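On a predicted model such as this, the values are computed, not experimentally measured, just so you know.
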Amino acid sequence: MRAYRMAAALAVLAALLFSTGSGLPFVAAEAPYNRAYYESRGEVVWEVPGNEKLVALTFDDGPDPEDTPRILELLKRYGARATFFVMGKKAVQHPDIVRREALEGHEVANHTFSHLVLRRSVPSGRIREEIVATQEAVAAATGQAPQLFRPPEGVFDPHVLEVIKREGLQTIMWSWHQDTHDWSRPGVNRIVKTVLGHIRNGDIILMHDYVHGPTQTVDALARILPKLTDEGYRFVTVSELLNRSRLVDKNND
């Protein structure tokens, strides 16, 4: 019993270390709800390792009328596709940008309507409202509802996941070694170093097309894209990364 209590205490401590506010994903405190548990069930995706040099750039919290078009221009220049986890209320305000994202081959995904952090105290009905309103906003702009969902600040638990699954969405996080913290504007060099210094096949890279204050993401991306292109990496959407992995697994069966 003493050993069990010690293990439980360590689990709680680990959860706190990965709690909100740090830019790291939330891990539910009570065992066995940790990353290994969710990955083994296919409920949450952090990355999709493989033999191909494929990576997925993801951008949260947009669309932004200034920064998102600049990012789209860079992506177009390098033939890169990305996944934009949009806020529903901003999709309503800027449907033309969301439509452009889809028309240019990018994936538009759900990041709640108002960036509500989905703590365990949030009722299921409220979570569903945030998800459904964003599904409708994106569908109105693009003609197609999202298939992927990313919880704001990476906060989730079994209660939240159950609502997400009922809405038919796959929860997507990001590679822990590819959290650029660009939202905090740590410096262009720091953002670039995070991505280039830790790159692995199948990474899901976390960036933002909206930040408080002048963005450093665009300048960092202008250095990241050519470098990784020269190294032979291809930039695909998260769904393309997932589908490629499933195809490889099927061929290996």
Side-chain angles (χ1 to χ4, degrees), residues 15-30 33-35 38 43-46 58-65 67-68 82-95 97-98 101-102 107-142 144-174 176 179-185 204-213 215 217 238:
L16 291 174
L17 290 175
F18 289 107
S19 61
T20 62
S22 65
L24 291 173
F26 171 83
V27 178
E30 60 273 16
Y33 301 120
N34 53 33
R35 174 171 170 172
Y38 291 120
E43 292 185 347
V44 183
V45 175
W46 278 265
T58 66
F59 299 91
D60 288 9
D61 296 355
D64 180 79
D67 295 342
T68 306
T83 300
F84 290 86
F85 288 89
V86 304
M87 292 171 55
K89 69 177 183 180
K90 292 185 179 181
V92 171
Q93 294 168 348
H94 308 290
I97 300 178
V98 176
E101 290 170 350
E107 182 168 25
V108 183
N110 192 318
H111 197 46
T112 72
F113 193 82
S114 64
H115 206 267
L116 176 68
V117 179
L118 306 179
R119 307 185 191 282
R120 64 183 66 231
S121 59
V122 180
S124 297
R126 181 77 174 91
I127 297 171
R128 184 178 183 276
E129 289 174 0
E130 288 278 329
I131 293 173
V132 171
T134 304
Q135 294 292 94
E136 293 174 349
V138 173
T142 68
Q144 185 172 354
Q147 298 179 343
L148 307 180
F149 177 82
R150 175 175 284 164
E153 297 187 14
V155 175
F156 68 86
D157 64 13
H159 158 69
V160 172
L161 286 180
E162 187 58 36
V163 179
I164 297 168
K165 287 189 293 183
R166 283 203 301 265
E167 295 306 315
L169 297 172
Q170 171 69 59
T171 299
I172 304 295
M173 297 290 279
W174 56 86
W176 285 355
D179 184 350
T180 64
H181 292 273
D182 61 337
W183 58 270
S184 66
R185 297 187 292 137
I204 297 176
I205 301 168
L206 174 62
M207 306 181 89
H208 295 76
D209 56 328
Y210 169 78
V211 300
H212 294 289
T215 183
T217 305
V238 171

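Here the CG atom belonging to Leu169 is positioned 7.5 Å from the CD1 atom belonging to Ile164, to the nearest 0.5 angstrom. Distance check, rounded to the nearest 0.5 Å: CZ of Arg119 to CG of Asp157 gives 11.0 Å. Here CG of Asp182 is found 9.5 Å from CG of Asp209. Values are rounded to the nearest 0.5 Å. In this structure, the separation between CD1 on Ile172 and NE2 on His111 is 13.0 Å, given to the nearest 0.5 Å. Here the straight-line distance linking atom CD1 of Ile131 with atom CZ of Phe113 works out to 13.5 Å at 0.5 Å rounding. The CG atom of Leu148 sits 9.0 Å away from atom OG1 of Thr171, with the distance rounded to the nearest 0.5 Å.
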- Apply the test side-chain contact (heavy atoms from CB on, under 4.5 Å) to residues Glu101 and Thr68: give CA-CA distance (whole Å), side-chain angles for both, the deciding distance (0.1 Å), then the verdict. CA-CA 9 Å; Glu101 290 170 350; Thr68 306; 3.3 Å; yes

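The salt bridge (Lys or Arg N to Asp or Glu O under 4.0 Å) test applied to Asp60 returns Arg150, not counting sequence neighbours. Partners of Gln135 by side-chain hydrogen bond (donor to acceptor under 3.5 Å, both in side chains), not counting sequence neighbours, listed by chain and number: Asn110. Qualifying salt bridge (Lys or Arg N to Asp or Glu O under 4.0 Å) partners for Glu167, counting only residues two or more places apart in sequence or in other chains: Arg128. Residues that satisfy the ring pair (Phe, Tyr, Trp, His ring centres under 6.0 Å) test with Tyr210, not counting sequence neighbours, are His212. Taking Thr215 as the reference, Thr217 meet the side-chain hydrogen bond (donor to acceptor under 3.5 Å, both in side chains) condition, with sequence neighbours excluded. Partners of His159 according to the ring pair (Phe, Tyr, Trp, His ring centres under 6.0 Å) rule, which considers only residues two or more places apart in sequence or in another chain, do not exist here. Taking Arg185 as the reference, Val211, Pro214, Gln216 meet the side-chain contact (heavy atoms from CB on, under 4.5 Å) condition, with sequence neighbours excluded. Scored by the side-chain hydrogen bond (donor to acceptor under 3.5 Å, both in side chains) test, Ser114 finds Glu130 as partners (sequence neighbours excluded).
A donor-acceptor pair under 3.5 Å links the side-chain atoms of Gln170 to the main chain of Glu43, judged by distance alone.
Across Ala141 and Pro95, no two heavy atoms sit closer than the pair CB-O, 3.8 Å. Of all the heavy atoms in Gly154 and Met173, the pair that sits closest is O-CE, 3.4 Å. Minimum heavy-atom separation, Val160 to Leu118: CG2-O, 3.3 Å. Contact detail for Val108 and Ala102: the closest heavy-atom pair is CG2-N, 4.2 Å. Contact detail for Val238 and Thr83: the closest heavy-atom pair is N-OG1, 2.9 Å. Residues Val98 and Pro63 come closest through the heavy atom pair CG2-CG, 3.7 Å.
Within the 4.5 Å cutoff, no side-chain heavy atoms of Pro146 are placed close to those of Thr134. Residues Thr112 and Phe149 are in side-chain contact: their nearest non-hydrogen atoms beyond the backbone lie under 4.5 Å apart.
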Please tabulate, one pair per line, all N/O donor-acceptor pairs under 3.5 Å involving side-chain atoms of residues 84-94, not counting sequence neighbours.
from: Lys90; atom 1: NZ; to: Asp61; atom 2: O; distance (Å): 2.8

